[in-house]
Amino acid sequence: MSLVTTPAAAPPSPDADADPASARDCRFMALAQQAADEARRAGEVPVGAVVVLGDEVIATGFNHPIRGHDPSAHAEMAALRAASQALENYRLPGCELYVTLEPCLMCAGAIMHARIARVVFGAADPKTGACGSVVDMFANAQLNHHTAVTGGVLADECGHALKNFFAERRRLAREERAARQAREAHAFLTKTN
């Protein structure tokens, strides 16, 4: 799936395979996937983000709301905070944000306030996505800043990482429940004998 909203984008090249932007997008999305893997290793939902200026990565971030006890600690927010510190400016004009999951409303608001030029996301989020899946914050003509959005870059890979994470959590929960039931049954049998 590829969702594209490009208010000021160049026209696509006739040969998509030869399009250097596609290879560039895949390269930076792969770095966002590495950040997502850091979140997974920390026990967080595996979402990662990188902020790019030109061809230089200036910041990375990954989800950590559980560990940080912070509902705003999404990958995008962490990357935007780090980029703002690196550039010593809360505005990030000319920067691009690559994120493995479609941004939510909170992150879309921060992206607009930071004046990010372009957002590139991997997997769509049919429950909270604010780049077209549920709402499209960036298509609102009344807003004073407009961010170009490209979705679906390495979508399968990004989506699989999320699906695998939640499947593993469900498997572990089932194992813990079975172990608890076995302990309770053993305790009952021991008590009655």
Side-chain angles (χ1 to χ4, degrees), residues 1-3 24-53 55-87 90 92 95-114 116-135 137-138 147 149-177:
M1 179 182 103
S2 181
L3 303 172
R24 180 180 183 276
D25 286 350
C26 289
R27 179 168 48 98
F28 289 125
M29 187 61 71
L31 295 175
Q33 288 175 306
Q34 289 175 12
D37 200 43
E38 288 184 55
R40 182 196 53 77
R41 286 192 302 270
E44 301 276 356
V45 176
V47 179
V50 296
V51 176
V52 176
L53 181 58
D55 280 328
E56 180 184 353
V57 173
I58 58 170
T60 62
F62 60 87
N63 258 15
H64 60 278
I66 298 167
R67 185 183 66 197
H69 309 290
D70 180 358
S72 71
H74 289 193
E76 301 95 321
M77 301 295 277
L80 291 173
R81 286 179 184 126
S84 294
Q85 292 299 308
L87 297 179
Y90 75 105
L92 303 170
C95 290
E96 297 170 283
L97 175 72
Y98 288 80
V99 60
T100 58
L101 182 65
E102 181 179 1
C104 68
L105 279 169
M106 172 184 68
C107 294
I111 289 163
M112 282 189 263
H113 283 290
I116 293 291
R118 180 173 178 243
V119 171
V120 180
F121 69 86
D125 185 346
K127 294 184 179 180
T128 64
C131 297
S133 289
V134 177
V135 296
M137 290 300 297
F138 299 103
T147 299
V149 176
T150 302
V153 175
L154 301 182
D156 290 342
E157 295 89 335
C158 294
H160 288 318
L162 289 160
K163 287 176 188 167
N164 291 342
F165 174 80
F166 288 113
E168 179 67 10
R169 283 182 113 179
R170 286 189 299 273
R171 184 188 66 76
L172 290 172
R174 283 190 304 272
E175 288 176 3
E176 288 174 14
R177 189 170 42 253

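Positions are given from 1, in the same order as the sequence printed here.
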Close side-chain approach of Thr100 to Pro46, heavy-atom, < 4.5 Å: no

side-chain contact (heavy atoms from CB on, under 4.5 Å) assessment of Asp55 paired with Arg24: CA-CA 9 Å; Asp55 280 328; Arg24 180 180 183 276; 2.9 Å; yes

Where Cys131 and Glu102 come nearest, the two heavy atoms and their spacing: N-OE2, 2.8 Å

Side-chain heavy atoms of Phe28 within contact of Glu96, under 4.5 Å: no

Reported OH-to-CD distance for the pair Tyr98 and Glu76, which is rounded to 0.5 angstrom: 15.0 Å

Distance-minimising heavy-atom pair for Met29 and Val120: CE-O, 3.6 Å

Heavy-atom closest pair, residues Ala155 and Gly122: CB-O, 3.5 Å

Straight-line distance of Leu101 CG to Asn63 CG, nearest 0.5 Å: 8.0 Å

Stepwise salt bridge (Lys or Arg N to Asp or Glu O under 4.0 Å) test for Arg118 and Asp25: CA-CA 11 Å; Arg118 180 173 178 243; Asp25 286 350; 2.7 Å; yes

side-chain contact (heavy atoms from CB on, under 4.5 Å) evaluation trace for Cys104 with Asp125: CA-CA 8 Å; Cys104 68; Asp125 185 346; 5.9 Å; no

Shortest non-hydrogen contact from Val45 toward Ala39: O-CB, 3.6 Å

Interatomic spacing from CG in Leu31 to SG in Cys26 - rounded to 0.5 Å: 11.5 Å

From Cys107 atom SG to Leu97 atom CG, the distance as rounded to the nearest 0.5 Å: 8.5 Å

Pro126 vs Val134 side-chain heavy atoms within contact, under 4.5 Å: no

Salt bridge (Lys or Arg N to Asp or Glu O under 4.0 Å) contacts touching residues 30-39 (sequence neighbours left out): Asp37-Arg40, Asp37-Arg41

Shortest non-hydrogen separation from Ser84 to Tyr90 and the atoms involved: OG-CA, 3.8 Å

Worked check of side-chain contact (heavy atoms from CB on, under 4.5 Å) between Leu53 and Leu92: CA-CA 9 Å; Leu53 181 58; Leu92 303 170; over 6 Å; no

From His113 atom NE2 to Leu80 atom CG, the distance as rounded to the nearest 0.5 Å: 11.5 Å

Nearest atoms (heavy-atom pairs only) where Thr147 meets Ile116: OG1-O, 2.9 Å

Set of ring pair (Phe, Tyr, Trp, His ring centres under 6.0 Å) partners for Phe165, sequence neighbours left out: none

Residue pair Met77, Met106: steps toward the side-chain contact (heavy atoms from CB on, under 4.5 Å) verdict: CA-CA 9 Å; Met77 301 295 277; Met106 172 184 68; 4.1 Å; yes

Listed partners of Glu168 passing salt bridge (Lys or Arg N to Asp or Glu O under 4.0 Å), at least two apart: Arg171

CZ-OG distance between Arg81 and Ser72, expressed to the nearest 0.5 angstrom: 4.0 Å

